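Fair warning: this is a prediction, and the values are worked out from it, not measured in the lab. Here is how names work: the chains are called A, B, and so on, in the same order as the sequence lines, proteins then strands, and each is numbered from 1.
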Number of protein chains: 2
Amino acid sequence: MPRPRSLTPDRLAAAALAVIDRDGLPALSMRTVAKELGMSPMGLYRYVADREELEGLVVDRVLNDVDTTPPAADAPWSDRIETMVRRLRDAVARHPEAVPLTLAHRHRAPGGLLWSETVLGILTEAGVDGARRVVALRALHGYVTGAIQLEHLGPLAGPGTTAIAALPEDRFPHLTRTARAAGEVDPDQEFFGGLRLLLRGLDD
Amino acid sequence: MPRPRSLTPDRLAAAALAVIDRDGLPALSMRTVAKELGMSPMGLYRYVADREELEGLVVDRVLNDVDTTPPAADAPWSDRIETMVRRLRDAVARHPEAVPLTLAHRHRAPGGLLWSETVLGILTEAGVDGARRVVALRALHGYVTGAIQLEHLGPLAGPGTTAIAALPEDRFPHLTRTARAAGEVDPDQEFFGGLRLLLRGLDD
DNA sequence: CTCGTAGGCGTACGGCGTACTCTCAACAGG
DNA sequence: CCTGTTGAGAGTACGCCGTACGCCTACGAG
C-alpha cells in the first residue's frame with residue numbers, strides 16, 4: 001500500500017560489483033555503493049542488514065554466473081570435473097578484485113552449492129561414494145579455493161618469481177632453481193596440472 | 001648515538017598476535033596494539049610503515065614457528081611431505097584467529113620460503129624436477145592454503161554440514177546425502193585424505 | 001657540559017559502519 | 001477526488017579506524 005521498493009537485491013549486488021570492478025575492493029563501502037545507486041548511504045539498510053550481507057550478495061552474483069548444468073556425460077569423468085572447475089575459475093576470474101570476498105563468503109552462496117551438487121553427481125557416477133566422496137569434494141574445494149587465491153595474490157610463475165629468484169642461492173638452492181623453471185610454466189598449465197594430480201590420485 | 005630503540009619488531013609482532021589471539025582479528029588495530037605495549041598509537045610508526053607491514057610481522061612470527069628441518073630421510077618421500085604439511089598446519093592452527101592474515105601475507109614471509117625450500121628438497125629427492133616440480137609445489141601450496149582456510153571458515157564435517165543437510169532434498173540430492181556422510185569423517189581424515197590424493201597423483 | 005638526533009606523544013583529519021529521527025511519496029478507503 | 005496510513009528514503013551524528021604532522025625530551029658523542 002505504501003511506496004513500493006525501488007531496488008532489487010540483485011541491482012544492489014550489481015552496483016557493489018561495479019564499484020569493486022572499477023575502483024578495487026578497498027573502495028567498496030556502504031557510501032560508495034549508495035553513491036553508485038544515487039541514493040543516501042543509509043538507504044542501503046532497507047535492503048541489507050549490514051555490510052557483511054551486502055558482500056554476500058556480491059559473491060552470490062559472481063557465483064551465479066557459473067554454469068552448473070552437468071557436462072556431456074560421454075566424456076571421461078575427470079574431464080567433466082575439469083570442465084566444472086574451469087567454469088568456476090573463469091567466473092571468479094571475471095571479477096579479480098572480488099576474489100578475497102568470493103572465498104570468504106563461499107559457504108553462504110547458493111550458487112556455490114549448485115556447483116558442489118553437480119560435481120558430486122559426477123563423482124557418484126565415477127563410483128566414488130561414502131567417506132571417499134566427502135574427502136574428494138573437500139579436496140577439490142580446497143585445491144580450487146587455494147589455487148585461485150594464489151593465482152590472484154601473486155603467481156609462482158609471474159612477478160613474484162623474479163623476487164624469489166633473487167634470493168641467496170646458497171640458502172635456497174631448490175627454490176631459486178625452481179623459480180627460474182617457473183618462468184616457462186604458464187598459469188593454466190600450473191592450475192590444471194595441479195588439478196590433474198588430484199584427479200589422478202582420485203582415480204585408483 | 002641518540003636514544004636507543006625500546007622495541008624489537010618481534011616484540012611488536014608478539015603484542016599484535018596477543019591481541020588477535022585474545023580478542024579476535026577484528027580487534028586488531030594500531031590503537032589496540034599500542035595499548036598492549038603501553039605506548040601511544042603513533043609510536044608504532046617508528047617500527048612499521050603502516051598496518052600492512054605490522055600484519056606481515058605477525059604472519060612471519062606465526063610461520064617462524066614451523067620446524068623446517070628436513071624429516072628423517074629414511075621415510076618414504078610422501079610421508080616426509082606429509083610431515084612438512086602437518087607442521088605447517090599445526091603452526092597455523094595455533095593461532096586460528098590469524099588464519100586470514102596468514103594466507104594473505106604468506107608470500108612475503110621468510111618462514112614460508114624456508115618451508116618451500118625443504119619441500120622442494122624432498123620433491124627433488126623423489127625424482128620430481130623441471131616443470132613437474134613447479135606444478136607440484138604450487139599444487140601443494142594451493143591445496144594446503146585452501147584446505148586450511150576451509151577448515152577454519154566452516155568445515156564440511158562440522159556445524160556447516162547440518163545447515164547443508166537441511167537443504168531441499170530434491171534439488172540437492174547428492175549434497176544432502178554427502179553432508180550426512182560427512183558427519184562421520186573427522187577433520188584430520190578429511191585434510192590428510194585430500195593430501196594423500198594429491199601425493200598419490202604425484203607418484204606416477 | 002653541550003648539542004644534534006631520533007624516540008615517543010598528542011592532536012587532528014578524513015573516512016568508515018551504522019543507530020536514530022524526520023519527511024514525504026504512494027496507495028486504500030471513503 | 002480527497003484523505004489517512006505506512007513504509008521508503010534522507011539527514012544527522014557517534015565512535016571507531018589509519019595515519020600526517022609537529023612538539024618535547026632522553027640520550028650519547030664530542
### Query
Taking atom types as modelled, is there a side-chain donor on A:Thr124 or A:Arg133 under 3.5 Å from an acceptor on the other?
yes

### Query
Within this structure, what is the CE-to-C1' distance between B:Met30 and C:dC9, rounded to whole angstrom?
15 Å

#### Entry: A:Ala49 vs B:Pro41, nearer the 5' end of DNA chain C by closest nucleotide
B:Pro41

### Query
Is A:Met39 touching bases, backbone alone, or none of the nucleic acid, heavy atoms closer than 4.0 Å?
sugar-phosphate

### Residue-phosphate contact under 4.0 Å: B:Tyr47 side-chain N/O, C:dG7 OP1/OP2
no

### Message
When you measure from the side chain of B:Glu53 to the backbone of B:Ala49, do you find a donor-acceptor pair of N or O atoms at a distance under 3.5 Å?
### Response
yes

### Summary
From CG of A:Leu25 across to C1' of C:dC16 the rounded distance in Å is 14 Å

### Task
Round to the nearest Å and state the distance from A:Arg51 atom CZ to D:dC16 atom C1'.
14 Å

### Query
Taking atom P of D:dC16 as reference, at what distance in whole Å does atom CG of B:Leu28 sit?
16 Å

### Over all atoms of both residues, closest heavy-atom pair of B:Thr69 and B:Arg87
O-NH1, 2.7 Å

### Query
Is there a donor and acceptor pair closer than 3.5 Å between the side chain of B:Arg46 and the base of C:dG8?
yes

### Any A:Tyr45 side-chain N or O less than 4.0 Å from OP1/OP2 of D:dG9
no

### Query
Distance-only, no hydrogens or angles: does the B:Asp60 side chain make a donor-acceptor pair with backbone N or O of B:Gly56 under 3.5 Å?
no

## Note on the structure
A:Leu54 CG to C:dT18 C1', in whole Å, measures 13 Å

### Query
Between C:dG7 atom C1' and B:Leu37 atom CG, what is the distance in whole Å?
14 Å

### Message
From CG of A:Leu44 over to C1' of D:dA8, roughly how many Å is that when rounded to an integer?
### Response
13 Å

### Query
Does the C:dG17 base have a donor-acceptor partner in the side chain of A:Arg31 within less than 3.5 Å?
yes

#### Entry: For atom CE of B:Met42 and atom C1' of D:dT19, their distance in whole Å
5 Å

### Message
With nearest nucleotide decided by heavy atoms, which residue, A:Gly43 or B:Ala27, maps closer to the 5′ end of DNA chain D?
### Response
A:Gly43

#### Entry: Test: A:Arg89 and A:Asp188 ion pair at under 4.0 Å
yes

### Query
Hey, does the side chain of A:Ser29 come within less than 4.0 Å of C:dG17's phosphate (OP1/OP2), counting only N and O?
yes

